[in-house]
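As structure tokens, the structure follows; a few thoughts come after it.
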Amino acid sequence: MLIFALGFLVHVIFLLSIFDAYFKSPLLNDLPVIENPIGAPAKRIVLISADGLRASSAFGNDVNSTPNAPYLRSVILTEASWGVCHTRVPTESRPGHIAMIAGFYEDPSAIFKGWTDNIFEFDSLFNRSALTLGWGSPDIVPMFNKGNLSKQMIMKSYPHEMQELFGSGESILALNSWVFNEVNETLNIAEFNSSGKQLRESLNQSKVFLFLHLLATDTSGHSDKPQSQEFFNVLKETDANIELIIERLEKFYNHDGKTVYVFTSDHGMTDWGTHGDGSNVETETPFVIWGPGVKKPKLVNETDKNDLWRLSHLIRRDLRQADVVPLLATLLGISIPVHSVGVLPMDFLDVSDGEKAKMLELNMKQINQQFLKSRDSVKLSSTSFFYIPFKDLTDELDAEMKNAIKNHIINHQYHEAISLSQKLIHLNLAAINYYQNYYQYLLLGCISVSYFGWIFVLLTVLCKNLQLKPGGPKSAKLSFLTMLSRLSPYAFTVWFVITISFIIVQSLPIQFYIYGLLPVFLWWFAFKHNALNVFEGFAQTCYECWYLPIAYAVGVEFFVLTFFQRWAISAVTLALVFWPWFHLPTLRRQKCQFLVYMWTCSTLGIAIFPFLPVTGFEANIFFVVISGLLSIVFNVSILLLPVLNHCFILKPEEGSSGCYLSLGTIRHIWALLASFLVCIAMYFNLSVKYCQIVSWILLGNAIIIPVNMMKGDVSLRLVGLFLSMTSPMLLLSIGHESLFYFLFSAHLLIWFALEYQLVSRVCIGGIGGGTIEGISGNTSPVTWRRAFFLLTFLLMSFFGAGNIASVSSFDLLTVQRFISVFSPFTMMSLILLKLLIPFLLVVATVFCLYIKIHDSINELLLVVFIFCDLLGLHFLFLVKNVGSWKEIGTSLSHYVIVESIILFISLLLGVAHFYLKELSSNDILTSVGARYLSGKTYRSNKKNY
């Protein structure tokens with residue numbers, strides 16, 4: 001049990017280390033504010049954010065060549081600058097709005113605090129303005145009121161209950177109508193109400209910021225899809241209301257020409273109504289800006305005949321999402337938020353060259369303060385011997401370039417000042433990234449050595465009773481290892497002292513003690529517990545059985561490839577199809593030869609799915625119903641037909657007929673039939689609320705109520721678990737993933753039957769040739785093979801009918817049968833449940849198998865952990881924090897998934913124990929679980945086993 005507790009802790013450290021190594025918080029404390037002495041072109045800014053609206057939808061046209069947003073199109077043609085605003089992964093509402101209002105991109109650690117809580121208080125345009133009024137979603141608007149510096153914010157949001165995830169057109173538009181009505185009411189109070197004098201004066205002062213968050217486009221995109229007519233109706237209605245609210249604002253301000261209007265979005269959306277990844281439709285959002293200080297439309301000489309937007313005759317000006325912040329701060333005449341990393345987009349400004357040079361200089365100074373702060377934090381904590389400055393921007397070069405920019409402005413050499421400021425800004429941003437990741441290679445080195453140390457710890461546990469087989473290779477290398485073993489206590493003492501001394505001298509954060517000392521502890525533990533035998537044993541194995549390491553190494557590389565190309569897991573699965581054919585004579589003697597044919601068919605069936613598109617493209621109720629019916633037929637056949645009873649080890653009680661159609665089975669069949677009715681009713685939008693209530697009841701019936709009402713053989717309870725999990729899986733399915741679930745669950749039961757039939761006639765531990773060639777120890781080739789099979793099944797469950805590494809591959813229609821109101825936590829919980837159900841079945845199948853063969857599962861788990869650690873070591877160096885943001889987000893998710901597999905296996909083993917235990921005072925499986933947890937081998941003479 002100690003080794004599993006230690007493994008859990010080690011992998012939590014591995015998982016968290018990636019954020020310290022690659023992704024540190026971009027926020028620095030105590031940054032000075034760079035005041036803006038330049039005159040402001042505008043007195044106020046109105047920022048309108050149409051949530052979830054992609055650029056192609058906003059700028060596109062319908063089949064009749066009518067603009068999707070006629071008012072915005074007219075503004076673009078007559079008075080606005082326009083372009084595409086490029087967002088970053090994750091393309092979600094919170095990070096998108098923080099980027100466009102605060103000017104920085106949130107670090108991935110923000111996911112641990114939810115949607116509205118701030119890990120660190122940050123500066124924003126709202127803080128810097130004299131007055132900010134905001135209206136919109138309760139998930140977005142309130143978060144900017146936290147850490148309020150100016151205390152001049154009035155933020156209003158509608159109730160959460162209004163955010164219906166799959167509402168009708170009327171309820172969706174009500175989200176925007178609430179915002180427009182609140183804006184109108186505020187203006188009416190200020191204009192006509194005698195008590196609104198103070199509000200009127202506040203609204204007429206300079207440096208006022210108005211923020212309108214419109215959620216209807218995002219909600220309609222999720223429920224109706226961005227290419228549906230319902231979505232375009234919502235967009236046109238939103239566009240018309242924007243025109244009306246702008247007319248109202250112009251009337252309130254007497255058309256004084258001092259208002260800048262900005263229309264944009266936080267992120268885009270895929271064709272199937274999801275977002276989160278880095279595809280073009282998710283990262284490209286519209287950006288339209290007009291008003292004082294902003295360039296007017298300008299014609300170009302050449303046009304693109306293939307332009308679907310029909311805007312190629314106008315200059316298009318693109319920008320990054322964080323660049324919106326310095327642009328709006330400059331137009332409003334306020335200080336740029338101190339945490340912003342945005343670069344002022346000069347192409348949008350309609351001001352003199354002198355003003356441009358001075359505005360960009362302010363932007364440079366603001367970013368330069370972050371560079372100085374990050375440099376000093378590293379320099380002050382390092383000794384001069386170890387300190388390595390950023391070579392492209394030394395202190396002398398930084399001072400020289402700033403003086404040169406100042407002199408260029410004094411001498412009216414504005415173009416030179418602008419060019420030099422842009423160069424220094426990019427050097428500052430590169431230097432900030434360098435100092436934020438200053439200890440990255442040191443951390444990666446420590447974690448890599450820890451990985452190898454942990455793998456050797458696992459091997460020492462597996463080979464704790466290992467003895468060399470006579471005739472193995474003997475060489476001077478083994479003598480060297482003996483000498484190394486004797487010197488290891490002194491070496492580890494020196495290593496420990498050097499590590500502690502370095503961390504203290506460098507004044508590194510406390511987590512560096514964990515990362516630095518972890519490899520020391522793991523390698524010390526390995527050498528203390530028989531590491532010498534591991535080295536010698538593997539030397540003999542590689543000498544006499546060289547093909548095993550090569551075969552598993554190739555398999556691990558295919559596992560890595562699976563995360564990039566889903567078909568790779570099909571290649572591994574197809575390779576396993578030949579395994580039972582080698583044992584066909586044995587199975588024929590046991591009259592179970594047709595299991596081989598069933599294995600072949602199921603293998604070929606599930607291998608097809610990774611070649612299909614990920615689920616979420618189009619709902620298909622036919623697949624859901626057919627899959628449920630097939631599941632009923634297959635599982636009930638196992639319970640009723642004697643020939644299948646025999647092969648699937650459902651041993652009858654004394655005097656029983658061999659029929660296992662119990663009340664528990666009938667209950668789950670009725671639950672499946674009810675699931676069919678719910679799916680069909682929801683498909684035709686019949687009694688949605690009642691169907692959702694029934695769905696939650698069915699989910700509770702399958703998960704909360706134990707499936708072990710089916711007493712008897714543990715394999716019988718395993719079939720009951722498969723049958724009970726079918727109901728929630730169908731309710732969470734919208735297409736062919738339900739068919740994959742049926743084939744996959746059947747494949748697992750067939751594998752279970754094959755493994756047991758082979759073990760029941762062969763000495764346990766001696767299948768396929770006995771122990772490892774050259775080694776007489778605890779771990780046999782069959783354990784390594786089963787571990788490889790287990791990991792193959794787990795990856796197939798993840799990537800078979802979807803792509804777990806891609807957030808946007810999951811259609812939100814998945815949760816439609818359970819909720820209607822937008823609730824991120826509930827939605828993600830249901831999607832996670834959908835992912836974990838096949839995962840649970842894999843773990844439960846293995847757990848049940850080891851109960852049946854009277855063996856300990858511990859060794860299998862240790863081998864699985866070794867395979868997963870080899871995968872984790874691969875992905876540790878494949879994580880990216882530069883390049884395209886799709887690559888960055890995907891690489892991070894790969895590493896998190898691999899580390900999570902180990903953690904989820906540990907968790908789901910406990911769940912499997914709960915589901916498979918027998919309800920009786922003499923609970924056999926409880927005894928098995930206790931022996932399993934204590935690391936003992938289970939040997940039982942109970943009749944049912």
Side-chain angles (χ1 to χ4, degrees), residues 2-3 5-25 109 374-390 434-461 480-532 534-535 865-866 868-870 872-877 879 881 895 899 902:
L2 175 63
I3 192 65
L6 177 62
F8 190 89
L9 178 62
V10 166
H11 285 92
V12 169
I13 295 174
F14 286 165
L15 180 60
L16 297 179
S17 69
I18 203 68
F19 296 106
D20 281 316
Y22 287 99
F23 307 98
K24 294 188 67 176
S25 173
S109 63
S374 58
R375 180 204 63 188
D376 292 344
S377 64
V378 172
K379 188 175 182 179
L380 293 175
S381 64
S382 303
T383 61
S384 58
F385 178 79
F386 291 111
Y387 174 65
I388 304 175
F390 182 61
Y434 171 79
Y435 286 113
Q436 284 182 342
N437 298 285
Y438 186 77
Y439 293 104
Q440 181 184 87
Y441 293 108
L442 175 62
L443 282 174
L444 290 177
C446 291
I447 298 302
S448 300
V449 177
S450 298
Y451 262 109
F452 285 114
W454 173 245
I455 290 173
F456 268 92
V457 167
L458 295 176
L459 290 173
T460 56
V461 174
F480 170 76
L481 291 174
T482 303
M483 181 183 66
L484 184 63
S485 179
R486 293 172 181 172
L487 294 176
S488 61
Y490 306 102
F492 286 116
T493 302
V494 173
W495 189 0
F496 177 83
V497 171
I498 291 176
T499 301
I500 290 291
S501 301
F502 179 80
I503 295 174
I504 294 175
V505 169
Q506 294 292 99
S507 302
L508 297 178
I510 190 171
Q511 63 264 33
F512 278 76
Y513 286 92
I514 299 175
Y515 300 138
L517 295 178
L518 182 62
V520 181
F521 169 75
L522 292 176
W523 279 102
W524 168 81
F525 189 91
F527 269 82
K528 183 181 178 182
H529 294 81
N530 214 24
L532 178 60
V534 174
F535 282 111
F865 289 173
I866 291 174
C868 289
D869 288 327
L870 291 174
L873 194 58
H874 275 78
F875 288 116
L876 177 67
F877 290 94
V879 174
N881 58 4
Y895 183 80
E899 290 303 314
I902 297 176

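The analysis underlying the following values was restricted to heavy atoms, covering all of them including side chains, and did not include hydrogens, waters or symmetry mates.
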Around atom CZ of Phe8, are there more than 12 heavy atoms of other residues, nucleotides or ligands at under 6.0 Å? no
Nearest-0.5 Å distance that lies between atom CD1 in Ile503 and atom CD1 in Ile498: 12.0 Å
Side chain proximity check, Leu6 to Phe521, heavy atoms < 4.5 angstrom: yes
side-chain contact (heavy atoms from CB on, under 4.5 Å) assessment of Gln506 paired with Phe512: CA-CA 10 Å; Gln506 294 292 99; Phe512 278 76; over 6 Å; no
Note, Pro389 side chain near Tyr435 side chain (heavy atom, < 4.5 Å): yes
Ile388: side chain to side chain contact (heavy atoms under 4.5 Å, CB included) partners, not counting sequence neighbours: Tyr434, Tyr438
From Asp20 atom CG to Tyr439 atom OH, the distance as rounded to the nearest 0.5 Å: 13.0 Å
Is there a donor-acceptor pair closer than 3.5 Å between any side-chain N or O of Ser382 and the backbone N or O of Lys379? no
Considering all heavy atoms, the nearest Ser381-Ser377 contact: OG-O, 3.1 Å
Leu380 CG: over 12 foreign heavy atoms closer than 6.0 Å: yes
Evaluate the side-chain contact (heavy atoms from CB on, under 4.5 Å) criterion for residues Trp523 and Trp495: first the C-alpha distance (whole Å), next the side-chain angles of each, then the deciding distance (0.1 Å), finally the verdict. CA-CA 11 Å; Trp523 279 102; Trp495 189 0; 4.0 Å; yes
Roughly how far apart are Ile13 CD1 and Ile18 CD1, rounded to 0.5 Å? 14.0 Å
Using 0.5 Å steps for rounding, measure from the CG atom of Leu518 to the CG atom of Leu9. 8.0 Å
Donor-acceptor pairs under 3.5 Å, side chain of residues 444-458 to any protein atom, not counting sequence neighbours: which ones?
unit_1	atom_1	unit_2	atom_2	d
Ser448	OG	Leu444	O	2.7
Ser450	OG	Cys446	O	2.8
Tyr451	OH	Tyr895	OH	3.1
Tyr451	OH	Glu899	OE2	2.4
Trp454	NE1	Asp869	OD2	3.0

Does some side-chain heavy atom of Phe502 sit less than 4.5 Å from a side-chain heavy atom of Phe386? yes
Evaluate Tyr513 against Ile500 for side-chain contact (heavy atoms from CB on, under 4.5 Å), listing each step before the verdict. CA-CA 7 Å; Tyr513 286 92; Ile500 290 291; 4.0 Å; yes
Counting distance only, does the side-chain N/O of Tyr22 pair as donor-acceptor with the main-chain N or O of Leu876 below 3.5 Å? yes
